[in-house]
Asks: 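My questions all concern the structure below.
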Amino acid sequence: MATAVFHQSIGTHQSHGHLYNSGMHQELGKSSVRLISKAFEVDVGLSKRRCYNSCQRNLSVIQASASKASVIDHVSSPSKNKESDSRKKSNEAALILIRHGESLWNEKNLFTGCVDVPLSKKGVEEAIEAGKRISNIPVDMIYTSALIRAQMTAMLAMTQHRRKKVPVVLHNESEQARAWSQIFSEDTKLQSIPVIADWRLNERMYGELQGLNKQETADRYGKEQVHEWRRSYDVPPPNGESLEMCAERAVAYFKDQIEPQLLSGKNIMIAAHGNSLRSIIMYLDKLTSQEVISLELSTGIPMLYIFKEGKFTRRGSPAAPTEAGVYAYTKKLALYRQKLDEMVH
Ligand SMILES: O=C(O)[C@@H](CO)OP(=O)(O)O
């Protein structure tokens, strides 16, 4: 069983500081278009145009709404005093982050980005295994990206949860959708977990790299260039989002929508992607743009944070459902687990 989940060696990578040139950009454009459509026919059955349009749409929204402040600025901004006062009074809440299980394109080592690609067989197994690991941790709300691999990971994981609540999708896209997906009965509310899917948690848009093989791209453009596209903070891949751009929407979403729920004591699971989660972790752990370069997340491994008195504390990852360590961290989690034991006996 994999136990190493969250590798972070700080400050080891040097950024190379140059952007791709436009000739290479065009060349990449042609080959990725071919590869994307081919992979779609084989794996996903969606048209390349549909994906491309939706990515472009999202990207223009991101560009239009992007705040100039960096993630780090948000963390340390003095104007947040009021917010941090109320944070200090907050209840304790659990926050589980999980990167989706392996997808078909992870398996093939292709750049995926915001292309909707299903889980591989191994990815399904990883999601179920992840569910076992968090089966004793309370979950009151689930946030996922708009992509199926993240949604499936969350749902498959919840099949293993001992509390046996049923995840129910909340539709936030319009007034009518909200009304139609509302649950009225208090009993049903207690037995269900609202699920909110939002594109702002999507994987970062990899632009013209989407659909290309990572190894072949490195052979062609150089390992260092590809590493810069994949891991630098502010250098976007050709026509795609940098981690910084991804953070501008994913972290803003986290702060606007998710953090208030944590503040009110709700236990939350977020099922999302390598880079959208890296940007959120950057915010939670106050990593610098240099430190985040070496942050790598494995597929299908849940990470647990405790939110208390305005602070996020990483608690590592429960290695197994029976692993005592993780539940000993807080009294509240231990009590929850005890209640689950009592329900069974
Ligand atoms: O291809 C992608 O979309 C991402 C995540 O799978 O890859 P990387 O780890 O290179 O950012």
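Quick note: residue numbers are just sequence positions, from 1. Just follow the structure's listing: the first ligand is 1, and inside any ligand the first atom is 1.
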Asks: Hey, is ligand 1 close enough to F111 that some N/O pair sits below 3.5 Å?
Replies: no
Asks: Specify the protein heavy atom at minimum distance from atom 1 (O) of ligand 1: its residue, its atom name, and the distance to 0.1 Å.
Replies: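 Going atom by atom, the protein heavy atom closest to atom 1 (O) of ligand 1 ends up being T112 N, 2.8 Å.
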Asks: Which atoms of ligand 1 sit under 4.0 Å from any heavy atom of K214?
Replies: 1 (O), 2 (C), 4 (C), 6 (O), 7 (O), 8 (P), 9 (O), 10 (O)
Asks: Taking only heavy atoms of L110, which atoms of ligand 1 are found under 4.0 Å from at least one of them?
Replies: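 Those atoms are 1 (O).
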Asks: Taking only non-hydrogen atoms of R99, do any sit less than 4.0 angstrom from ligand 1?
Replies: yes
Asks: Y206 ring centre to R204 NZ or CZ under 6.0 Å, with the angle to the axis within 45°?
Replies: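 The answer is yes, since R204 meets both limits relative to Y206.
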Asks: Does R278 come within less than 4.0 Å of E296, counting only side-chain N to carboxylate O?
Replies: no
Asks: What are the two closest heavy atoms between A272 and L201, and how far apart are they?
Replies: CB-O, 3.7 Å
Asks: Atoms of ligand 1 less than 4.0 Å from N106 heavy atoms?
Replies: 6 (O)
Asks: Is the shortest distance from a Lys or Arg side-chain nitrogen in K121 or E102 to a carboxylate oxygen in the other one below 4.0 Å?
Replies: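 No salt bridge links K121 with E102.
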Asks: Has T299 got any heavy atom lying under 4.0 angstrom from an atom of ligand 1?
Replies: no
Asks: Could you identify the single nearest non-hydrogen protein atom to atom 3 (O) of ligand 1 and state the distance to 0.1 Å?
Replies: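 The protein heavy atom lying closest is G113 N, 2.7 Å.
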Asks: Distance to 0.1 Å, residue and atom name: give those for the protein heavy atom nearest to atom 5 (C) of ligand 1.
Replies: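 Among all protein heavy atoms, the one nearest atom 5 (C) of ligand 1 is E203 OE2, 3.3 Å.
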Asks: Determine whether the side chain, the backbone, both or neither of N275 has a heavy atom under 4.0 Å from any heavy atom of ligand 1.
Replies: side chain
Asks: Taking heavy atoms and a distance under 4.0 Å, where does Y206 meet ligand 1: side chain, backbone, both or neither?
Replies: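 Side chain only; the backbone of Y206 stays clear of ligand 1.
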Asks: Using a strict 4.0 Å threshold on nitrogen-to-oxygen distance, state whether K332 and E92 make a salt bridge.
Replies: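 A salt bridge is absent here (no side-chain N lies under 4.0 Å from a carboxylate O).
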Asks: So that I can tick it off, tell me whether R220 and E216 are bridged by a salt bridge, with the cut-off set at under 4.0 angstrom between side-chain N and carboxylate O.
Replies: no
Asks: Do NZ/NE/NH1/NH2 and the carboxylate oxygens of R178 and E175 come within less than 4.0 Å?
Replies: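 Yes, R178 and E175 are salt-bridged.
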Asks: Do the charged groups of K122 and E125 touch, with an N to O distance under 4.0 Å?
Replies: no
Asks: Can you tell which of H227, R231, R230 gets a heavy atom nearest to atom 10 (O) of ligand 1?
Replies: R230
